Amino acid sequence: MNHHAPLIIDVAGLALSDTDRQRLDHPLVGGAILFSRNWRDRAQLTRLCAEIKAVREDLLVAIDQEGGRVQRFRTDGFTALPPMAAFGERWMAGGADGDGAMRAIDAATAAGFVLGAELRACGVDLSFTPVLDLDHGDSSVIGDRAFARDPRVVAMLAQALMHGLRQSGMANCGKHFPGHGYVRGDTHHEIPRDTRSLKAILADDALPYGWLSASLSAVMPAHVIYPKVDARPAGFSARWLQDVLRVRLGFTGAVFSDDLGMAAARQIEGRAVRFAEAATAALQAGCDMVLLCNQSVVEGGAPIDEAIDELARAAMQGDWVPSPVSEERRRALLPQGKAMAWDDLMVDARYMHALSMLP
């Protein structure tokens with residue numbers, strides 16, 4: 001079997017159990033995603049990340065740490081980052097000399113550096129950011145997580161944030177392709193439908209993905225159905241992931257599924273599917289990695305074990321072909337350079353200057 005570790009799983013608590021270690025050591029598992037339940041303080045987080053890396057050094061430790069209301073760690077020294085809309089507002093507000101756009105770009109770069117450097121100091125490898133969705137004004141799920149309504153402003157501020165992440169040695173992940181900001185529904189509980197045409201979406205919400213195709217390390221598709229393009233949600237659609245994202249927009253980085261624990265992730269063409277089937281379907285459509293979130297606390301983690309077993313069976317039967325290219329993309333997301341220790345970071349001139357620039 002070609003080596004490919006596509007499953008990104010969660011762990012139950014503040015430290016690894018023997019079961020967690022066994023799962024993380026499986027060759028089909030490529031990383032762990034952390035949540036607020038995995039956080040008590042910086043010392044504990046640092047130990048947990050070290051425990052994960054002790055299982056396998058190449059495991060990717062990931063988190064949703066965007067800023068605003070989506071920030072898992074915000075105490076014990078972690079900076080409470082503003083929502084991304086604050087940078088768009090700075091862009092639009094300008095200043096006495098009319099340089100609001102440039103100041104917003106510089107501030108977004110500073111935010112990316114602060115975000116990445118703080119996480120890396122504790123052993124976290126990747127944050128699923130930036131949000132590239134446009135703020136159409138109706139989505140409670142996206143809302144102020146978006147930089148702005150204008151795709152040009154979104155692309156420029158996201159580019160700046162990603163530059164700051166790179167300064168810290170961290171890669172990035174743009175989400176939610178091809179755009180989640182137009183629909184109102186919450187994909188955690190339902191399956192939103194965006195009834196616009198492919199032409200309309202490519203001319204608006206998807207624009208940042210084309211403009212940033214050489215800068216994005218990874219992309220996460222939306223659990224949204226665009227029925228005029230495909231009957232399947234984007235994360236299960238070869239039309240979206242291969243024909244549009246890879247071929248038309250030229251993206252060459254990694255593709256993550258969004259959380260397969262969401263209600264929208266387990267509905268394919270009107271049929272409810274199990275986690276294992278959803279994982280296989282996402283990989284077959286063109287995802288390089290799939291996220292199985294919040295399942296370690298369900299029936300002792302049975303959904304994770306089922307997904308591992310079924311994916312191994314699918315590979316043996318030829319229903320899913322492991323991809324060495326996908327594995328290269330996963331490994332390319334590991335941080336570059338040595339992380340700065342927390343105490344050193346707190347007195348670092350660039351870090352202190354970046355803090356002073358946040359909205």
Side-chain angles (χ1 to χ4, degrees), residues 66-67 83-92 100-102 104-105 107-109 111-112 128-139 141-166 171-184 187 192-230 233-235 237-256 258 286-287:
E66 301 171 9
M84 295 302 100
F87 300 98
E89 291 165 1
R90 177 170 287 191
W91 178 299
M92 300 305 296
M102 302 310 297
I105 288 171
T109 303
F128 294 113
T129 190
V131 170
L132 299 181
D133 300 313
L134 308 186
D135 183 10
H136 287 269
D138 293 326
S139 174
V141 176
I142 301 302
D144 64 3
R145 296 169 66 191
F147 285 107
R149 168 64 182 87
D150 189 329
R152 297 168 297 180
V153 176
V154 170
M156 291 299 295
L157 291 176
Q159 176 77 278
L161 185 87
M162 293 189 293
H163 180 59
L165 290 171
R166 282 296 187 191
N172 60 71
C173 181
K175 60 187 186 184
H176 306 82
F177 175 79
H180 198 312
Y182 188 79
V183 296
R184 295 185 179 184
T187 50
R193 299 171 70 87
D194 185 334
T195 59
R196 293 176 296 169
S197 68
L198 175 62
K199 181 179 179 180
I201 295 168
L202 289 176
D204 197 10
D205 292 60
L207 282 172
Y209 293 92
W211 290 334
L212 299 173
S213 64
S215 303
L216 287 164
S217 309
V219 163
M220 180 180 291
H223 285 323
V224 174
I225 295 175
Y226 308 85
K228 291 184 179 178
V229 182
D230 197 334
S237 168
R239 177 86 190 280
W240 278 115
L241 300 184
Q242 298 182 38
D243 298 345
V244 178
L245 182 61
R246 295 286 190 203
V247 177
R248 185 160 185 164
L249 301 182
F251 178 66
T252 61
V255 177
F256 286 91
D258 203 344
C287 288

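In this text the structure is predicted, and so the values were computed from the model without any measurement. Only this structure's heavy atoms are used, side chains among them; waters, hydrogens and symmetry mates stay out.
With a 4.5 Å cut-off on side-chain heavy atoms, K228 and I201 do not count as touching. In this structure, the side chains of I142 and H176 come closer than 4.5 Å at one or more pairs of heavy atoms. The shortest distance between side-chain heavy atoms of Y226 and S237 does not fall below 4.5 Å. Looking at heavy atoms from C-beta onward, H136 lies in side-chain contact with D205 at the 4.5 angstrom threshold. In this structure, V219 and R246 have side chains that are not in contact, with every pair of non-hydrogen atoms separated by 4.5 Å or more. Counting only heavy atoms from C-beta outward, the side chains of E66 and K175 approach each other to under 4.5 Å. Between D258 and F128, every side-chain heavy-atom pair lies at or beyond the 4.5 Å cut-off. Looking at heavy atoms from C-beta onward, N172 lies in side-chain contact with L216 at the 4.5 angstrom threshold.
Here CG of L132 is found 7.0 Å from CE of M162. Values are rounded to the nearest 0.5 Å. The CG atom of L134 sits 11.5 Å away from atom CZ of R152, with the distance rounded to the nearest 0.5 Å. Going from atom CD1 of I105 over to atom CE of M156 covers 4.0 Å, rounded to the nearest 0.5 Å. For the atom pair CG (D243) and CG (L249), the distance works out to 11.0 Å, reported to the nearest 0.5 Å. For the atom pair D150 CG and D135 CG, the distance stands at 11.5 Å (nearest 0.5 Å). Atom CG of D133 sits about 13.0 Å away from atom CE of M84, to the nearest 0.5 Å.
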Please lay out, stage by stage, how R145 and T129 fare under the test side-chain contact (heavy atoms from CB on, under 4.5 Å). CA-CA 10 Å; R145 296 169 66 191; T129 190; over 6 Å; no
Intermediate values then yes/no, side-chain contact (heavy atoms from CB on, under 4.5 Å), V244 and L202: CA-CA 9 Å; V244 178; L202 289 176; 3.9 Å; yes
Applying side-chain contact (heavy atoms from CB on, under 4.5 Å), run through W240 and L198 and close with a yes or a no. CA-CA 10 Å; W240 278 115; L198 175 62; 3.6 Å; yes
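Among all heavy-atom pairs drawn from A155 and W211, the shortest one is CB-CE3, 3.7 Å. Taking both residues in full, the closest heavy atoms of V154 and A148 are given as CG2-O, 3.4 Å, listed atom of the first, atom of the second, then distance. Residues S139 and G181 share a closest heavy-atom pair of CB-O, 3.7 Å. Listed here is the closest heavy atom pair of A234 and L241: O-CG, 3.5 Å. The heavy-atom pair separating P151 from L207 by the smallest distance is CG-CD1, 3.9 Å. When every heavy atom of L212 is checked against every heavy atom of A158, the shortest pair comes out as CD1-CB, 4.1 Å.
Note: W91 and F147 fail the aromatic proximity criterion, with ring centroids not under 6.0 Å apart.
Between the side chain of R239 and the main chain of V229, a donor-acceptor pair closer than 3.5 Å is present.
The local environment of OH in Y182 is sparse, with at most 12 non-hydrogen atoms from other residues, nucleotides or ligands closer than 6.0 Å.
Checking R166 against S217 by side-chain atom types alone, a donor-acceptor pair falls below 3.5 Å.
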